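One structure below.
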Amino acid sequence: MSTSAAGYVFRPSTLEGIREVLTLARRTNRSVGFRGAGRSYGDAAINAENIVLDLTRMNRILDWNPKTGLVKVEPGVTIKQLWESILPDGWWPAVVPGTMFSTIGGCVSMNIHGKNNFTLGPFGDHILEFELLTPEGEIFRCSRDENYDIFRSAIGGFGMLGCFTSIKLKSKRVWSGLLDVEAINVPSLDAMFDCFKERLESADYLVGWIDTFAGGKSLGRGVIHRANYIDQGIDPNPAQTLRVEHQQLPDTILGILPKAILWKFMKFFINNPGMRLINMIKFRASRLLDRGGTFRQSHAAFAFLLDYVPNWEKSYGKGGLIQYQSFVPKDEAREVFRKQLQLCKTYKYPPYLAVFKRHRPDEFLMSHALDGYSLALDFKITKRNRERIWKLAAEMNKIVLKASGRFYFAKDSTLSSEDARAFLGEKALEEFAVMKRRLDPSGMLETNLARRLFGTS
Ligand SMILES: Cc1cc2nc3c(=O)[nH]c(=O)nc-3n(C[C@H](O)[C@H](O)[C@H](O)COP(=O)(O)OP(=O)(O)OC[C@H]3O[C@@H](n4cnc5c(N)ncnc54)[C@H](O)[C@@H]3O)c2cc1C
């Protein structure tokens with residue numbers, strides 16, 4: 001909601017329909033930007049005054065093999081549709097983002113990561129094959145054995161090379177609908193890093209939450225959630241826990257308050273005093289509850305925390321929010337994140353949500369990942385603070401780039417063209433430009449993000 005624009009939206013439900021829109025774009029001399037569920041935080045799926053090709057009606061599951069865990073889908077299938085279809089057979093998507101409403105096309109295009117990026121890599125690591133329709137009307141089948149150069153450029157290629165029309169993925173075998181979860185209270189940023197290091201080898205998922213209002217010795221304090229799959233034979237009733245009904249997030253909070261209206265109450269807390277209070281309560285409650293044990297939680301409840309509150313983003317008010325996520329090599333991350341948190345304090349703009357993750361490098365050309373950590377910071381945007389937040393982001397960028405860090409287009413609203421070029425490097429940019437000229441020679445594919453960072457083609 002911090003960025004918006006009007007465009008001409010088309011929602012084809014067939015390959016022929018997509019071709020018709022591409023023909024129309026050529027005839028009317030308009031650019032085309034693809035859109036999945038629009039769950040990217042910035043302007044990645046917006047195309048002002050031009051054509052927005054919404055893929056959400058291309059949402060058929062084309063093939064599912066419960067013996068091998070291989071699934072073939074159209075791009076508009078959501079993560080929700082996917083896990084609901086495969087879990088009863090004992091499979092879970094290998095990598096999921098923090099919301100189940102993203103589409104598979106959107107996830108491939110951004111090469112999303114989950115809370116298990118350090119062990120299972122990004123979404124792209126689990127794609128066996130896809131079909132890509134270019135603006136010229138050609139379809140390329142791409143895999144690690146066929147058209148590999150397109151494969152590694154289009155995954156994470158932010159919709160600039162063509163439209164994914166079908167995607168074949170492999171899923172992860174699970175023996176229970178539950179995970180073993182441990183919540184660990186950590187008193188400082190150093191403790192957060194140390195605890196991640198200790199748990200890294202033994203965890204299937206790790207994610208940290210930081211109380212951004214704490215300062216001094218407590219700077220970076222928070223809670224880590226570690227989760228592990230349950231081995232075969234441990235869950236006494238897997239047929240029950242693997243059922244979709246068993247995963248559903250409850251409709252009410254504490255059995256009373258309907259979730260659907262929760263965002264209206266949250267509105268009163270989405271300000272500095274309110275969020276300071278909530279952060280403090282969350283941290284103290286986790287300290288009281290941290291008894292060193294584990295508890296069981298469903299896959300959906302662990303993976304999709306924010307989906308608990310429908311329309312949560314509305315609680316931020318008309319100006320919406322942005323997320324600023326930076327990725328920093330492991331040896332530099334402590335210092336970089338300390339500086340970022342301090343800088344937010346200097347500017348007096350504490351992020352209202354801060355999430356910490358561990359990553360590993362991958363094979364994809366425009367990758368945001370590296371052997372290190374990421375910190376994602378949510379900022380409420382208003383007319384008054386907008387300019388200053390962009391200035392704060394620019395200062396944080398400098399610190400990240402100095403440490404050879406990276407950024408992520410799914411979360412970006414504030415990068416300058418120079419910063420984007422600096423983190424990607426001339427070699428990758430040139431390779432991507434060559435691919436762009438080959439697959440989209442007329443430069444038809446564009447979005448607001450692409451124009452902001454790289455100009456028109
Ligand atoms: C609450 C929340 C939590 C999130 N958690 C995470 C997380 O943990 N990890 C993470 O990595 N991300 C996370 N995200 C970001 C989100 O998962 C990604 O931005 C994802 O790409 C969104 O998918 P979408 O279907 O909404 O795509 P959109 O946002 O609509 O589009 C994303 C990009 O994909 C392109 N695109 C869409 N469909 C196609 C297609 N068929 N062919 C070619 N290009 C296409 C678009 O042009 C655009 O560039 C989160 C977002 C939210 C709102």
Side-chain angles (χ1 to χ4, degrees), residues 68-71 79-80 82-84 86-100 102 107 111-127 169-186 192-209 222-238 241-244 246-247 249 286 290 292-308 327 330 355-362 369-376:
T68 58
L70 296 184
V71 60
I79 294 284
K80 179 175 191 288
L82 179 63
W83 76 254
E84 287 186 352
I86 67 175
L87 188 66
D89 291 326
W91 300 87
W92 181 255
V95 173
V96 294
T99 173
M100 63 174 106
S102 299
C107 290
N111 199 15
I112 63 105
H113 58 262
K115 301 172 182 69
N116 54 0
N117 191 246
F118 58 95
T119 158
L120 289 191
F123 204 76
D125 277 13
H126 308 276
I127 297 174
L169 292 161
K170 64 174 185 287
S171 331
K172 169 97 185 77
R173 191 87 172 103
V174 290
W175 303 104
S176 166
L178 300 173
L179 293 165
D180 265 332
V181 183
E182 181 191 15
I184 312 141
N185 183 279
V186 285
M192 176 75 70
F193 274 94
D194 294 343
C195 183
F196 254 67
K197 264 184 157 174
E198 267 168 37
R199 300 288 197 287
L200 210 56
E201 293 292 308
S202 60
D204 290 323
Y205 297 96
L206 267 183
V207 61
W209 163 83
V223 186
I224 293 172
H225 282 95
R226 175 194 62 81
N228 284 75
Y229 297 113
I230 291 175
D231 287 337
Q232 188 172 13
I234 303 290
D235 182 348
N237 199 351
T241 60
L242 289 168
R243 289 175 65 216
V244 171
H246 200 85
Q247 301 286 317
L249 308 174
S286 81
D290 183 359
T294 63
F295 57 95
R296 295 227 161 129
Q297 201 172 19
S298 73
H299 289 273
F302 180 80
F304 310 121
L305 189 67
L306 272 172
D307 293 344
Y308 262 111
F327 298 72
K330 60 178 190 302
V355 175
F356 181 76
K357 288 186 196 143
R358 182 72 166 92
H359 301 271
R360 75 174 195 199
D362 56 55
L370 40 62
D371 183 9
Y373 296 85
S374 75
L375 181 62

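In what follows, every heavy atom counts, from backbone to side chain, and hydrogens, waters and symmetry copies are set aside. All values derive from a computational prediction rather than experimental measurement.
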Less than 3.5 Å apart, which donor and acceptor atoms pair up between the side chains of residues 200-207 and the rest of the protein, not counting sequence neighbours?
| residue | atom | partner | partner atom | Å |
| --- | --- | --- | --- | --- |
| Ser202 | OG | Arg199 | O | 3.2 |
| Asp204 | OD2 | Tyr229 | N | 2.8 |
| Tyr205 | OH | Tyr229 | OH | 2.8 |

If we only count heavy atoms from C-beta on, is the [X] to [Y] side-chain gap below 4.5 Å?
{"X": "Arg173", "Y": "Trp91", "answer": "yes"}
{"X": "Lys80", "Y": "Asp307", "answer": "no"}
{"X": "Arg296", "Y": "Asp180", "answer": "yes"}
{"X": "Pro93", "Y": "Ile86", "answer": "yes"}

Gap between atom [atom2] of [Y] and atom [atom1] of [X] - 0.5 Å precision:
{"X": "Asn185", "Y": "Trp209", "atom1": "CG", "atom2": "CH2", "value": "9.0 Å"}
{"X": "Leu305", "Y": "His225", "atom1": "CG", "atom2": "NE2", "value": "8.0 Å"}
{"X": "Met192", "Y": "Lys197", "atom1": "CE", "atom2": "NZ", "value": "15.0 Å"}
{"X": "Ser176", "Y": "Leu87", "atom1": "OG", "atom2": "CG", "value": "9.0 Å"}
{"X": "Leu169", "Y": "His126", "atom1": "CG", "atom2": "NE2", "value": "9.5 Å"}

Given side chain to side chain contact (heavy atoms under 4.5 Å, CB included), test Phe304 with Ile79 step by step and report yes or no.
CA-CA 11 Å; Phe304 310 121; Ile79 294 284; 3.9 Å; yes

Where do [X] and [Y] come nearest, in terms of heavy atoms and distance?
{"X": "Lys170", "Y": "Ala94", "result": "O-CB, 4.2 Å"}
{"X": "Gly177", "Y": "Leu242", "result": "N-CD2, 3.5 Å"}
{"X": "Asn111", "Y": "Gly124", "result": "OD1-N, 2.7 Å"}
{"X": "Ala300", "Y": "Trp83", "result": "CB-CZ2, 3.9 Å"}
{"X": "Asp125", "Y": "Arg360", "result": "OD2-NH2, 3.1 Å"}
{"X": "Ser171", "Y": "Gly69", "result": "OG-O, 2.7 Å"}

With sequence neighbours excluded, what pairs up with Thr241 under the side-chain hydrogen bond (donor to acceptor under 3.5 Å, both in side chains) test?
Asp235

Residues in side-chain hydrogen bond (donor to acceptor under 3.5 Å, both in side chains) with Gln232, at least two apart?
none

I'd like to know if the side chain of His246 reaches the main chain of Leu178, judged simply by a donor and an acceptor atom lying under 3.5 Å from each other, with no hydrogens or angles considered.
no

Main chain of Val244, side chain of Glu84: is a donor-acceptor contact present, judged purely on distance under 3.5 Å?
no

Start with the C-alpha distance between Thr99 and Leu306, add both sets of side-chain angles, then the distance that settles side chain to side chain contact (heavy atoms under 4.5 Å, CB included), and finish with yes or no.
CA-CA 7 Å; Thr99 173; Leu306 272 172; over 6 Å; no

Given the side-chain rings of Phe118 and Phe196, with only the six-membered ring counted for Trp, is the space between their centroids under 6.0 Å?
no

From the list Arg358, His359, Lys357, side chain to side chain donor-acceptor pair (under 3.5 Å) partner of Ser374 resolves to His359

Worked verdict on Thr294 versus Arg226 for side chain to side chain contact (heavy atoms under 4.5 Å, CB included)
CA-CA 9 Å; Thr294 63; Arg226 175 194 62 81; 3.6 Å; yes

